[in-house]
Engineer: 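What follows is a structure written as structure tokens; I'll ask about it next.
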Amino acid sequence: MDAELILHDLNAAQRAAVNAPLTNLLILAGAGSGKTRVLVHRIAWLITQAQVAPLSILAVTFTNKAAKEMRERIADLLTTPAHGMWVGTFHGLAHRLLRAHWQAAQLPETFQIIDSDDQYRLLRRIMRGLEIDEEKWPIKRVQWFINGKKDEGLRAAHIESFGRLDIQVMLRIYEAYEQACALAGLVDFAEILLRCHELLRDNTELLQYYQRRFQHILVDEFQDTNTIQYAWLRLLTGQDSKIWVVGDDDQSIYGWRGAKIENIQRFSQDFADTQVIRLEQNYRSTATILSAANALIAQNAERLGKDLWTDSAQGELISVYAAFNEIDEARFIVDTIKTQHRQGMPRNHIALLYRSNAQSRILEETLLQAGVPYRVYGGQRFFERAEIKDGLAYLRLLVNRHDDAAFERVINTPTRGIGERTLLELREHARTQQVSLWQASIDLTGAKQFAARASNAVVAFLQLIDSLDNDSKNLTLHQQTQYVLRHSGLFEHVLKEKSQTAQNRLENLEELINATQHFHHLSEERSSPLVAFLAHTALESGEGDASSEDEECVQLMTLHTAKGLEFPLVFICGMEEGLFPSKMALEEMGRLEEERRLLYVGMTRAMQKLYLCYAECRRLHGSEIYNRASRFIAELPKDLLQEVRLKNQVVRPLQTTHYHHRAPPAMPAVLQGTGFKVGQRVNHRSFGEGVIVDAEGQGEHTRVQVRFKQHGSKWLVLQLAKLEALV
DNA sequence: AACACCGCGTTTTTT
DNA sequence: ACGCGGTGTT
């Protein structure tokens, strides 16, 4: 293949990234600078120009969607699929290694993956067994702790409590959880990465084999790597291997789930002779949108620094709409969409972005009323639905009887007369004897521990699973799934429910059977089709609902979900203090920059036209709150903005000062009759002098946010705070 | 074992 | 406001 074919439509920087010599490379790629394109072209260049064998290439992404897209685009470019190349997510690839080397990884051959819901239930069971107070130690927090530690590469044994009781309790649970998972042959998402890291670290020959094999490691969205992922990459990159990563520190929006932006900064030190290439030409947005985004992100400190520029036209100003409330905001957006659509803008070129999912509701209602088709991204995924997980649990028990998560799920689904008492005894026996629930059932029914009725019910369940297994052993995956589900009693169980969703659940179960028909697992993998299918359901939880995919729909999603996508017309909704930046982020120091990056991501999704909307008053969690416009609006150059009203009339050029100093929109009802108002200077007995900057709630529930000269911002209940008004 | 009621939490999401 | 999970009632 001709090199020109791979390089001809690339700019100089892109070209440099694609045909760079074989060294370690860090590509800092700004939004819309052709990041994925460069990655795909690099791989094609390696194969066709540098004569690199596909077998020695490892390409890593974060999502299955990105992996799939990459595979397809490489095949397109090469006009043939590159066999032998490993392209996948961190989890997918690590899982593959664990399956191939399950013995060395000290896992049972049929180990199963649990999702965070399974993990939660398992933790709940363990904590109850240990009699730990869930009020005091919320399961969610324990889960957060354990996953956080695993992401840092730490097992319970590695963690020092320094005599702190809270950490000691967490560690006790962590240890018990590790044991329970080992016993049941279960592996959670974080464990996949951690276990794989340990596998390679502790097996020198294996490590050397893969280090020699993967001469070229390429990583997408590098700014999102966490500690263990980074350690995994370092381990796998051998003496002679080269690592090529692409990322953008300005688009790092997953710090809250462990992503370490520092990994980009460390990269050049940790990998010798790293070349750095910046991709700064943006091909997506108008000059106006890009300048505004640049101005915004410039307010962040500690950037690696990039200056995005574009050849494209100035384009329209960014429109800012100040709505009275969220209803008005939605109406404005829907009206504008209708106008734009009438003028030829396809609906699927329009995106509505918001900070939190709760905001989608009113937008959906308004779109529905107006008869505008829309699609909401990020609902529950197919394989995470309760009835699907029930069905999968039967299959999991066939593969591994000791899978406690699956056992708990279906021991009484459908109900088969096994009561809470019986279950408690099973759990207790399992815990004290260190056996699975399945083994506990065998032990206790054999020992005649239970009343005859309970014992019979448990034995019947054991026999059901055994016979489902026996009778379906020689069937194909599809036939087997069909057989197991039909005989599990799940269909009858769902049918008995008289809810409106029952029909839907039945269809979902049918769809699960259907899914097995379309599942083809790679023949190079040694595991059975069923084991592979089960792993697939955990690792790729399903692509949302495909039904509305082909229709021309307005796209609704959170700002996080929008990363990596682009749309000609973008609305960013709910640009209010407390909402975006979110209240949570404001209360915690140092989290504002990530919020700013999130808006940067949102703004740079827009190709032609961007709207920023906010509501002066919004109904949230039942009560009305009054928010000021987001500080981020004031951070944008005012000559790039215009304030609009319905029908897109420009009301007046937008003054930045408008956001800094203006009085709140009318007098918020919440403060009426209290003698206080937003902007009021006040004195507090212990905090001293300050200014009321915000208020919410009504009557005796009225709370005000006061920015104190000495003590920072605090929310106070007005009635209790005994504030003294100052002139 | 099904149903009613209470109380809590409610930023962002992938695997 | 609203949904979910957990508990208590029939």
Side-chain angles (χ1 to χ4, degrees), chain A residues 60-67 88-95 113-121 124 128 134-135 138-141 144 147 150-151 187-194 196 221 224-226 228-229 252-259 326 353-362 377-381 383-384 386 412-420 457 493 496-499 535-544 557-564 574 578-588 591 594-595 597-599 601-602 618-625:
Chain A
V60 196
T61 63
F62 276 85
T63 65
N64 291 300
K65 197 176 151 203
T89 63
F90 278 102
H91 289 85
L93 296 165
H95 171 252
I113 300 163
I114 53 170
D115 66 12
S116 64
D117 182 56
D118 296 327
Q119 186 185 40
Y120 180 93
R121 291 154 176 261
R124 185 172 61 192
R128 286 180 185 173
E134 288 165 35
E135 302 267 277
I139 304 172
K140 281 256 152 64
R141 209 185 298 161
W144 183 258
N147 289 334
K150 287 191 179 188
D151 284 344
V187 163
D188 61 47
F189 288 129
E191 181 75 25
I192 294 176
L193 300 175
L194 178 53
C196 185
E221 303 279 17
D224 289 336
T225 51
N226 64 26
I228 192 75
Q229 287 159 341
S252 162
I253 55 174
Y254 288 113
W256 53 274
R257 66 176 198 207
E326 79 281 4
L353 311 182
Y354 35 81
R355 181 63 177 78
S356 78
N357 287 306
Q359 288 169 257
S360 78
R361 193 190 185 104
I362 181 72
Y377 285 74
Q380 213 193 9
R381 290 180 211 309
F383 292 121
E384 285 167 7
N412 232 353
T413 318
T415 45
R416 44 176 65 86
I418 297 169
E420 200 51 40
H493 178 67
K496 262 197 297 189
E497 291 180 51
K498 31 199 180 279
S499 66
H536 165 82
T537 63
L539 249 27
E540 289 183 51
S541 38
E543 314 254 283
M557 66 191 85
T558 64
L559 287 143
H560 283 89
T561 309
K563 193 167 86 154
L579 212 69
F580 190 22
S582 85
K583 199 167 174 168
M584 296 288 198
L586 285 174
E587 281 164 8
E588 243 177 284
R591 295 200 42 196
E594 187 159 299
E595 294 286 300
R597 290 195 290 268
L598 189 56
L599 178 57
V601 166
R618 178 180 297 271
R619 194 160 199 93
L620 200 64
H621 310 315
S623 58
E624 286 187 327
I625 50 168

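First the proteins, then the strands, lettered A, B, ... as listed; each starts at 1. Computed from heavy atoms alone, side chains included, the values below leave out hydrogens, waters and symmetry copies. Given the structure is predicted, the values throughout are model-derived calculations rather than measurements.
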Engineer: Can a side chain N or O of A:Thr561 be found less than 4.0 Å away from OP1 or OP2 on B:dT13?
Structural biologist: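 Answer yes for this pair, as a side-chain N or O of A:Thr561 is under 4.0 Å from OP1 or OP2.
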Engineer: For C:dG6, does either OP1 or OP2 sit under 4.0 Å from a side-chain N or O belonging to A:Arg124?
Structural biologist: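 Looking at the OP1 and OP2 atoms of C:dG6, one of them is under 4.0 Å from a side-chain N or O of A:Arg124.
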Engineer: Report which part of the nucleic acid A:Gly378 touches: base, sugar-phosphate, or nothing (heavy-atom distance under 4.0 Å, all strands).
Structural biologist: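 Since no nucleic acid heavy atom lies under 4.0 Å of A:Gly378, the category is nothing.
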Engineer: Name the closest nucleotide to the A:Thr558 side chain, picking from C:dC2, B:dT12, B:dT11.
Structural biologist: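 So the nucleotide nearest the side chain must be B:dT12.
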Engineer: Looking only at side-chain atoms of A:Arg257, point me to the closest of B:dT11, B:dT13, B:dT15.
Structural biologist: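 So the nucleotide nearest the side chain must be B:dT13.
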Engineer: Taking the nucleotide of DNA chain B with the nearest heavy atom to each, does A:Thr63 or A:Leu598 sit closer to the 5' end?
Structural biologist: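 Looking at the nearest nucleotide for each, A:Leu598 comes out on the 5' side.
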Engineer: Considering only side-chain heavy atoms of A:Thr415, which listed nucleotide, B:dT12, B:dT11, B:dA2, is closest?
Structural biologist: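 So the side chain of A:Thr415 is nearest to B:dA2.
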Engineer: Could you check whether A:Asn357 gets within reach of a base, just the sugar-phosphate, or nothing at all, counting any heavy atom under 4.0 Å?
Structural biologist: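 Counting heavy atoms under 4.0 Å across all strands, the contact made by A:Asn357 is with sugar-phosphate only.
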Engineer: For ring pair (Phe, Tyr, Trp, His ring centres under 6.0 Å), just list the numbers for A:His91 and A:Phe62, CA-CA rounded to whole Å, side-chain angles, deciding distance to a tenth of an Å, and then say yes or no.
Structural biologist: CA-CA 8 Å; A:His91 289 85; A:Phe62 276 85; 8.6 Å; no
Engineer: Please classify the nucleic acid contact of A:Ser356 as base, sugar-phosphate, or nothing, using heavy-atom distances under 4.0 Å.
Structural biologist: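 Sugar-phosphate: the residue A:Ser356, judged by heavy atoms under 4.0 Å, touches backbone atoms but no base.
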Engineer: Nearest to the A:Asn412 side chain among B:dT15, C:dA1, B:dA1, which nucleotide is it?
Structural biologist: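 Closest of the options to the side chain of A:Asn412: B:dA1.
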Engineer: Checking side-chain polar atoms at under 3.5 Å, does A:Gln119 have a donor or acceptor matched by the opposite partner on A:Asn147?
Structural biologist: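 Judged by distance alone, the side chains do pair up.
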Engineer: Tell me whether the side-chain N or O atoms of A:Arg591 pair up with the base of B:dT11 as donor and acceptor below 3.5 Å, since no angle test is needed here.
Structural biologist: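 Looking at the base of B:dT11, it does pair with a donor or acceptor on the side chain of A:Arg591 (distance under 3.5 Å).
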Engineer: Can A:Phe62 be classed as stacking with the base of B:dT15, given a centroid separation cut-off of 5.5 Å and a plane angle cut-off of 30°?
Structural biologist: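 A:Phe62 ring does not meet the centre or angle cut-off for B:dT15; no stack.
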